[in-house]
Amino acid sequence: MSNRSPTLPARTRGLYLIISALLLILLYLGGNAVLKDDKREEIPLSEERILELRKTYPVYNDYGPLTDMMHPSFQKIVSLSTSYVVGEIIDQVEDASTSFMAEPGTPEYRVQQKSSKDGIVEPTIQHYKQYEIKVLRYLAGERTKDSIIVRLNAADVGYYPNLTPGLQLILPLGKGKGKHEGVFFTSKAGMFYIVDQKYVLSVMDILPSYQDYQGQPINVVIQEINRIKKGT
């Protein structure tokens with residue numbers, strides 16, 4: 001009795017070849033469809049949608065009267081930041097305050113002298129609003145804990161987005177030192193709202209470096225942050 005496998009008829013072999021070719025064509029077309037879908041996801045938001053979203057996510061270009069600050073570019077903020085994360089506001093927590101006594105002869109000391117009573121120079125008291133933020137995604141720089149506290153100068157309230165629970169942002173972080181050990185500061189320059197789940201709107205739009213990312217997919221901004229950080 002022979003152990004040889006039976007040979008398929010030529011007609012059957014032809015059918016198998018045709019079926020195999022059809023499967024390859026379907027796989028090719030399916031792959032192209034996926035690629036096209038990915039490209040569609042990279043299309044920015046329309047101007048109409050951006051204007052609609054701005055009613056909920058407004059621009060904050062101005063600073064408070066006590067803040068003397070130029071408008072830094074997005075690239076500058078990324079370079080200076082300690083870390084960059086995607087975060088979600090959990091809640092506002094207890095306010096904080098610190099005291100600061102300037103060294104005699106410094107500009108800061110002269111400011112304290114002007115506000116002194118009866119010639120007695122007293123420390124300057126700084127008040128801060130504090131927010132608990134859940135880190136949804138680490139982006140660049142030093143790694144942080146999964147939950148962090150961010151301080152905002154109380155004088156800047158109203159000049160920053162309303163940090164209500166559930167708000168998601170891409171935000172730069174600066175690590176606190178000295179009396180601010182263990183907490184972080186942030187900047188609205190280089191900060192982005194996350195909208196429609198996968199797009200961004202910049203909190204500031206006064207410079208072209210922010211306008212470039214209006215309504216862009218979130219990955220476009222993340223890639224740029226990583227590119228800049230790698231170059232610093």
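For T82 (side chain) and K175 (main-chain N/O), a donor-acceptor pair under 3.5 Å exists by modelled atom type.
R227 and Q75 form no side-chain donor-acceptor contact under 3.5 Å, judged by distance and modelled atom types alone. Counting only N and O atoms by type, the side chains of Q126 and S97 include no donor and acceptor under 3.5 Å apart. Side chains of S202 and Q211: a donor-acceptor N/O pair is absent below 3.5 angstrom, by distance only.
The hydrophobic clustering, which links ILVMFWY residues whose side-chain heavy atoms are closer than 4.5 Å, places Y138 and I222 apart. Both Y84 and I228 sit in one connected hydrophobic cluster of ILVMFWY residues. Membership requires side-chain heavy atoms under 4.5 Å apart, directly or through other members. Clustering ILVMFWY residues whenever any of their side-chain heavy atoms sit less than 4.5 angstrom apart, transitively, puts I206 in the very cluster that holds V221. The hydrophobic cluster containing M191 does not contain V59, counting ILVMFWY residues as joined when their side-chain heavy atoms lie under 4.5 angstrom apart, directly or transitively. Cluster annotation: V183 and L171 are assigned to distinct hydrophobic clusters (Ile/Leu/Val/Met/Phe/Trp/Tyr, side-chain heavy-atom contacts under 4.5 Å, transitive).
One finds a salt bridge joining K129 and D95 here, because a Lys/Arg side-chain nitrogen approaches an Asp/Glu carboxylate oxygen to under 4.0 Å. A salt bridge links R49 with D196: the distance from a Lys NZ or Arg NE/NH1/NH2 to an Asp or Glu carboxylate oxygen falls below 4.0 Å.
A cation-pi arrangement, defined by a distance under 6.0 Å to the six-membered ring centre and an angle within 45 degrees of its axis, is present between K188 and Y160.
At a threshold of 4.5 Å between non-hydrogen side-chain atoms, the residues T144 and V85 count as touching.
Residue-environment remark: CZ (R137) stays at or below the threshold of 12 foreign heavy atoms within 6.0 Å.
Aromatic pair F74/F192: centroids less than 6.0 angstrom apart.
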